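Down below is the structure, laid out as structure tokens.
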Amino acid sequence: MWIVLLAGLGLGTATALTLTAFQDNLVFFLSPSDVAAKNPGPDRAFRLGGLVEAGSLQRSQAADGKPEALFRVTDGPTTIPVTYRGVLPDLLREGQGVVALGKLGPDGLFRASEVLARHDETYMPPEVADALKRSGHWDPARGAPPPAATWNTLSPNAENTGG
């Protein structure tokens, strides 16, 4: 009986340690509206996805010569400012889909350690598409999404005429 009890205790401990390790390494996807609603902690890494807001992309160079970028990611109703140090993907454009990995600072600025942009005119990251559907900006049953450059100007009740 003792052997079975010790084996069960060992298995339970191993399971608990494994689940704890997985939780620390999980990276959740959040849209800007999800970030506003859930307010993740400053030490919690997550993926922020949405569209690069039109007119928000600013590129500069840091004192050490590394490129820097500041832009805003939006899902329509909510916008989050993002900063990134490094070379941005060539396909990153205003009004197009983006997913950034990083952490939200206490000042509300998302500090990205990695930025991914869509790879052609028809692709949108699945997480971004899901977030835009949830926010009411796109109903796939009614056709393709409107042009990406207009997403941050739409209201959830606007007529989706396709694009």
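What you are looking at is a predicted structure, and each value in this text was computed from that prediction instead of being measured.
- Glu68 contributes no side-chain N or O that, together with a main-chain N or O of Ser60, makes up a donor-acceptor pair within less than 3.5 Å.
- Listed by chain and residue number, Arg111 satisfy the side chain to side chain donor-acceptor pair (under 3.5 Å) test with Asp107 (two or more places apart in sequence, or in another chain).
- With contacts defined as side-chain heavy-atom distances shorter than 4.5 Å, the pair Asp75/Asp34 does not qualify.
- We find the CZ-CD distance between Arg72 and Glu94 to be 9.0 Å, quoted to the nearest 0.5 Å.
- Across every non-hydrogen atom of Ala100 and Ala112, the tightest pair is CB-CB, 4.0 Å.
- A pairwise comparison of heavy atoms in Phe29 and Leu48 identifies CE1-C, 4.3 Å as the closest pair.
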Go through Val98 and Gln96 one step at a time and tell me if the side chain to side chain contact (heavy atoms under 4.5 Å, CB included) criterion holds.
CA-CA 7 Å; Val98 65; Gln96 292 188 348; over 6 Å; no
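- Between Leu92 and Arg59, the shortest heavy-atom contact is O-NH2, 3.9 Å.
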Extract all donor-acceptor atom pairs below 3.5 Å that involve side chains of residues 1-14 and protein atoms in other chains or at least two apart in sequence.
unit_1	atom_1	unit_2	atom_2	d
Thr13	OG1	Leu9	O	2.9

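- The same ILVMFWY cluster, assembled from side-chain heavy atoms under 4.5 Å apart, contains both Leu57 and Val115.
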Audit row: Phe110, Val35, side chain to side chain contact (heavy atoms under 4.5 Å, CB included) steps and yes/no
CA-CA 10 Å; Phe110 185 82; Val35 171; over 6 Å; no
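- The CD atom of Gln61 sits 12.0 Å away from atom NZ of Lys66, with the distance rounded to the nearest 0.5 Å.
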Check residues 76-89 and write down every donor-acceptor pair under 3.5 Å in which the side-chain atom is one partner and the other belongs to a residue at least two apart or another chain.
unit_1	atom_1	unit_2	atom_2	d
Thr78	OG1	Ser33	OG	3.2
Thr79	OG1	Thr74	OG1	3.4
Arg85	NH2	Asp64	OD1	2.9
Arg85	NH2	Asp64	OD2	2.7

